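Below: the structure, in structure tokens.
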Protein chains: 2
Amino acid sequence: MSNSTGWAVPEYSAFDSETCSIARTLALVGDRWTLLVLRDLANGVTRFDDLTTHLGIARNVLSKRLAALVDAELAVRTGYRTEGSRERYEYRLSRAGRELMPILLAFMGWGDRHLAGPQGPPALPVHADCGAPVRVAVTCEAGHDLGERPRVRVQPGPGSRRREG
Amino acid sequence: MSNSTGWAVPEYSAFDSETCSIARTLALVGDRWTLLVLRDLANGVTRFDDLTTHLGIARNVLSKRLAALVDAELAVRTGYRTEGSRERYEYRLSRAGRELMPILLAFMGWGDRHLAGPQGPPALPVHADCGAPVRVAVTCEAGHDLGERPRVRVQPGPGSRRREG
DNA sequence: CAGCTGAGTTCTCTTTAGCAACTCAGCTCG
DNA sequence: CGAGCTGAGTTGCTAAAGAGAACTCAGCTG
């Protein structure tokens with residue numbers, strides 16, 4: 001397979017699409033709502049009814065998404081109790097779930113640069129410890145900052161699988 | 001609104017969910033296939049039939065996704081001609097589309113860390129200029145590397161909008 | 001001019017999402 | 001005690017999106 005440059009690509013298309021880490025991650029969080037649910041969990045909106053009203057998601061769909069997140073161990077369902085009420089449940093990010101933050105921040109960065117209105121970005125993420133604005137950067141092990149449109153080549157890794165069929 | 005810690009969150013839920021840059025970006029690329037299409041475009045799989053066979057996406061769905069990407073100016077439809085054939089079309093990432101790379105690399109990094117099999121990651125992204133492995137990092141303007149589970153607080157930005165209703 | 005190719009469109013069927021109403025447990029109040 | 005409230009769901013119906021296969025269509029070759 002080649003492209004219009006005639007330049008021989010190292011046959012990316014020869015490798016299985018679903019084995020890719022992007023595809024595998026999207027299988028967990030790549031539906032229409034999950035990343036927004038994770039965003040809200042990260043921002044302290046952790047209760048069922050709060051999530052439905054803030055997101056505008058249908059209750060049955062939220063129910064499924066939360067169950068899937070708990071199942072994938074990206075979120076944890078824990079009991080809480082406010083006085084004068086029985087025990088209720090809320091959802092909090094797990095360790096693995098919090099490690100999705102760079103993905104959310106990457107989305108945020110792109111949206112801020114390309115989709116913000118004239119007034120500027122709707123939200124500003126800051127380092128909780130020092131208060132300085134936060135950004136996502138692509139760097140290489142040689143110490144280069146690859147900038148906004150990183151020139152990246154993808155090589156087959158040890159876990160690569162050729163496409164069947 | 002509060003959470004089980006009793007700690008007063010600065011009312012994230014008071015702000016409109018759809019105004020968020022994450023939500024806006026997901027509105028463009030947040031369906032089941034678009035990010036995988038973008039991944040393939042980034043890796044040189046640029047033609048309709050190649051995309052259908054590599055991704056396993058239905059042709060009508062791919063058709064819609066590509067049209068949406070062109071419409072959003074994330075991809076460009078350009079003609080090419082191989083000798084002995086009439087002009088055909090392929091899809092390439094636009095400037096804005098290439099700026100989505102950090103998002104794809106963030107997905108890849110998470111998947112590599114959490115979903116790779118025993119053999120290791122399926123693919124290795126390297127800096128096209130120097131060949132060194134590439135990674136996504138979250139940093140703050142004070143120069144801190146926030147690590148894998150960045151402690152980030154979100155403040156209302158200039159373009160924030162309170163939730164209606 | 002018959003057949004091939006790449007790039008789609010059209011049609012039917014299944015899956016997922018959206019919406020509204022209903023359930024259910026335990027709490028408070030009269 | 002029983003009525004009503006609240007948060008966290010479930011159930012049932014409709015609407016939209018995706019899967020799969022067949023069909024179209026333009027221009028090229030033999």
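Chain naming here is simple, since letters A, B, ... match the order of the sequence lines and numbering starts at 1 in each. Bear in mind the structure is a predicted one, so any value in this text is a computation, not a measurement.
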### Message
Quick check for you: among C:dC19, C:dA17, C:dT16, whose closest atom lies nearest to any side-chain atom of A:A58?
### Response
C:dC19

### A:G56 or A:R86, whichever maps to the more 5' nucleotide of DNA chain C
A:G56

### Query
Within this structure, what is the CG-to-C1' distance between A:L36 and C:dA17, rounded to whole angstrom?
14 Å

#### Entry: With sequence neighbours excluded, residues passing side-chain contact (heavy atoms from CB on, under 4.5 Å) with B:H127
A:C140, A:H144, A:L146, B:D129, B:C130, B:V134

### Query
On the ring face of A:F15, is A:R162 found with NZ or CZ under 6.0 Å from the centre and within 45° of the axis?
yes

### Message
By nearest atom, which of the nucleotides C:dG18, C:dC27, C:dA17 is closest to the A:R65 side chain?
### Response
C:dA17

### Query
Any side-chain heavy atom of A:T25 sitting closer than 4.5 Å to one from B:M108?
no

### Task
Grab the CZ-C1' distance between B:R59 and C:dC11 for me, whole Å please.
15 Å

### Protein-nucleotide distance (A:E83, atom CD; C:dT28, atom C1'), rounded to Å
13 Å

Ignoring hydrogens and angles, write down the donor-acceptor pairs under 3.5 Å from the side chains of residues 27-40 of chain B, residues two or more places apart or on other chains.
{"from": "B:D31", "atom 1": "OD1", "to": "B:T34", "atom 2": "OG1", "distance (Å)": "2.3"}
{"from": "B:D31", "atom 1": "OD2", "to": "B:W33", "atom 2": "N", "distance (Å)": "2.9"}
{"from": "B:D31", "atom 1": "OD2", "to": "B:T34", "atom 2": "N", "distance (Å)": "3.4"}
{"from": "B:D31", "atom 1": "OD2", "to": "B:T34", "atom 2": "OG1", "distance (Å)": "3.4"}
{"from": "B:D31", "atom 1": "OD2", "to": "B:R65", "atom 2": "NE", "distance (Å)": "2.9"}
{"from": "B:R39", "atom 1": "NE", "to": "A:Y12", "atom 2": "OH", "distance (Å)": "3.1"}
{"from": "B:R39", "atom 1": "NH1", "to": "A:S17", "atom 2": "O", "distance (Å)": "3.0"}
{"from": "B:R39", "atom 1": "NH2", "to": "A:S17", "atom 2": "OG", "distance (Å)": "2.7"}
{"from": "B:D40", "atom 1": "OD1", "to": "B:H54", "atom 2": "ND1", "distance (Å)": "3.4"}
{"from": "B:D40", "atom 1": "OD2", "to": "B:H54", "atom 2": "ND1", "distance (Å)": "2.5"}

### Task
Count the heavy atoms of every other residue, nucleotide or ligand shown that sit under 6.0 Å from CZ of B:R113, and state whether that count exceeds 12.
yes

### Positional range of nucleotides in DNA chain D within the contact set of chain A, heavy-atom, under 4.0 Å
D:dT6 to D:dG12

### Query
Looking for any heavy atom pair under 4.0 Å, which part of the strands does B:Y89 touch: base, sugar-phosphate only, or nothing?
sugar-phosphate

### Task
Round to a whole Å and report the spacing from CH2 of B:W33 to P of C:dT15.
16 Å

### Task
Could you check how far CD of A:E87 sits from P of C:dC27, rounded to whole Å?
10 Å

### Task
Identify, between A:R77 and A:N60, the residue whose nearest nucleotide on DNA chain D lies closer to the 5' end.
A:R77

### For atom NZ of A:K64 and atom P of C:dT15, their distance in whole Å
12 Å

### Query
Within the distance-only criterion (no hydrogens, no angle test), does the side chain of B:R135 pair as donor or acceptor with the backbone N or O of A:T139 below 3.5 angstrom?
no

### More than 12 heavy atoms of other groups within 6.0 Å of B:Q155 CD
yes

